Participant: 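Below you'll find the structure I mean.
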Amino acid sequence: MSDGRPARAQRMESERAARGWSPLDVARAMVAHSPDPLPEPQALAREWCRWESGATEPGDHKALISQVFGAPTLAFFPAERLRGSRPGARAGAAANTAEVIARLDANDVDRTTLEALALTVDRLCSEYARLPGEHLLAESRSWSRRLSGALRSRRLAASERREVLVQAGCWRC
């Protein structure tokens, strides 16, 4: 249910709450994961509250936040819609991304999940023209890890396994 805040802010709050973390806990995790110096955890926690309220955007911290929560960056911070694309098309892709992540994490791989996965892979393949290569490489690696986990942790039907392998780039028809 929407409360008027941006989807990214709602996602940030729900991920934090799901772990039972305070904003200070998140800030400490960010400091621990960051290869670069960050502000003191107390200052970062205050900033987190502003991000979570939707008042400001995390800016350069988006990839780090995603890393702390173990999710692809585009799941938290969907890219702006492409120029000339249908309004709402990017929001639909973001919802699919979040849903696919949840289903993969829950080992709930069915036909709907596979279709959403194919859409996500297609989106990643088509964004190279407008997103930095290192960003897409990080996203692709994150998806690859999740797909590998789905292959290892759940018994899949042969057709499901083949589709996951195709989407992971391990098998071409």
Side-chain angles (χ1 to χ4, degrees), residues 1-82 88 90-109 113 116-117 119-121 123-125 127-128 130-154 168:
M1 182 157 91
S2 178
D3 60 10
R5 292 179 297 151
R8 67 175 151 71
Q10 293 176 38
R11 174 75 190 265
M12 291 169 71
E13 179 184 31
S14 67
E15 291 289 339
R16 178 186 57 76
R19 289 163 176 77
W21 290 357
S22 69
L24 185 57
D25 294 329
V26 176
R28 288 179 180 138
M30 289 174 65
V31 169
H33 280 84
S34 180
D36 301 317
L38 291 176
E40 290 296 315
Q42 293 79 7
L44 198 54
R46 286 190 298 274
E47 192 64 28
W48 177 270
C49 290
R50 286 189 284 277
W51 298 334
E52 206 174 270
S53 73
T56 61
E57 243 186 271
D60 293 339
H61 298 298
K62 291 177 180 179
L64 178 60
I65 291 167
S66 299
Q67 179 185 6
V68 165
F69 290 104
T73 306
L74 291 175
F76 274 94
F77 309 102
E80 296 299 315
R81 72 181 176 93
L82 296 170
R90 300 306 309 160
N96 283 340
T97 299
E99 181 180 342
V100 170
I101 289 169
R103 287 175 176 252
L104 288 173
D105 286 345
N107 292 324
D108 182 17
V109 180
T113 303
L117 176 60
L119 289 172
T120 300
V121 170
R123 180 182 46 76
L124 284 171
C125 290
E127 289 185 337
Y128 66 88
R130 58 181 207 82
L131 291 176
E134 59 274 359
H135 176 81
L136 288 175
L137 180 61
E139 290 293 317
S140 298
R141 286 181 176 160
S142 179
W143 277 105
S144 180
R145 283 190 302 277
R146 288 183 180 276
L147 293 176
S148 295
L151 287 168
R152 283 191 304 269
S153 65
R154 184 164 189 272

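These numbers come from a predicted model, not from an experiment.
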Participant: Mind listing the closest non-hydrogen atom pair of Pro58 and Arg8 along with its distance?
Facilitator: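 Scanning both residues, the minimum pair turns out to be CD-CD, 4.4 Å.
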Participant: Looking at Lys62, is its backbone amide N or carbonyl O close enough to the side chain of Ser66 to form a donor-acceptor pair, meaning the two atoms are under 3.5 Å apart?
Facilitator: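 Present.
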Participant: Among all residues two or more places apart in sequence or in another chain, which pass the side chain to side chain contact (heavy atoms under 4.5 Å, CB included) test with Ala45?
Facilitator: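 Pro23, Leu24, Ala27.
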Participant: Quick one: list whatever passes side chain to side chain contact (heavy atoms under 4.5 Å, CB included) with Gln67, sequence neighbours left out.
Facilitator: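 So Gln67 forms a side chain to side chain contact (heavy atoms under 4.5 Å, CB included) with His33, Leu64.
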Participant: Could you work out, with salt bridge (charged side-chain N to carboxylate O under 4.0 Å, His left out) as the rule, every residue matching Arg46, not counting sequence neighbours?
Facilitator: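 If we apply the salt bridge (charged side-chain N to carboxylate O under 4.0 Å, His left out) test to Arg46, skipping adjacent residues, there are no hits.
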Participant: For residues Ser53 and Ala9, report the shortest heavy-atom separation together with the two atoms involved.
Facilitator: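 In terms of heavy atoms, the two residues are closest at C-CB, 4.4 Å.
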Participant: Going by heavy atoms in the side chains, are Pro6 and Glu57 under 4.5 Å from each other?
Facilitator: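 Side chain of Pro6 against side chain of Glu57, heavy atoms only: no contact under 4.5 Å found.
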Participant: Of all residues at least two apart in sequence or in a different chain, which pass the side-chain hydrogen bond (donor to acceptor under 3.5 Å, both in side chains) check with Arg16?
Facilitator: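 For Arg16, the residues satisfying side-chain hydrogen bond (donor to acceptor under 3.5 Å, both in side chains) (neighbours in sequence not counted) are Glu52.
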Participant: Rounded to the nearest 0.5 Å, what's the gap from OG on Ser34 to CD1 on Ile65? Could you check?
Facilitator: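 Ser34 atom OG to Ile65 atom CD1 measures 11.0 Å (nearest 0.5 Å).
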Participant: Do Arg11 and Phe69 touch side chain to side chain, with heavy atoms closer than 4.5 Å?
Facilitator: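 The answer is no, as the side chains (C-beta and beyond) never meet within the 4.5 Å cut-off.
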Participant: Who are the side-chain hydrogen bond (donor to acceptor under 3.5 Å, both in side chains) partners of Trp21, not counting sequence neighbours?
Facilitator: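 Partners of Trp21 under the side-chain hydrogen bond (donor to acceptor under 3.5 Å, both in side chains) test: none.
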Participant: Quick one: side chains of residues 35-42, donor-acceptor pairs under 3.5 Å with protein atoms, not counting sequence neighbours, listed by atom name and distance.
Facilitator:
none

Participant: Name all residues meeting the salt bridge (charged side-chain N to carboxylate O under 4.0 Å, His left out) criterion together with Glu13; count only those two or more places apart in sequence or in a different chain, and write none if there are none.
Facilitator: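 Expected list: Arg5.
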Participant: Please list, chain by chain and in numerical order, all residues satisfying side chain to side chain contact (heavy atoms under 4.5 Å, CB included) with Thr56, sequence neighbours excluded.
Facilitator: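 Here the qualifying residues are Glu47, Arg50, Trp51.
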Participant: For Ser22, what residues pass the side-chain hydrogen bond (donor to acceptor under 3.5 Å, both in side chains) criterion, not counting sequence neighbours?
Facilitator: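 In terms of side-chain hydrogen bond (donor to acceptor under 3.5 Å, both in side chains), with neighbours along the sequence ignored, Ser22 is linked to Asp25.
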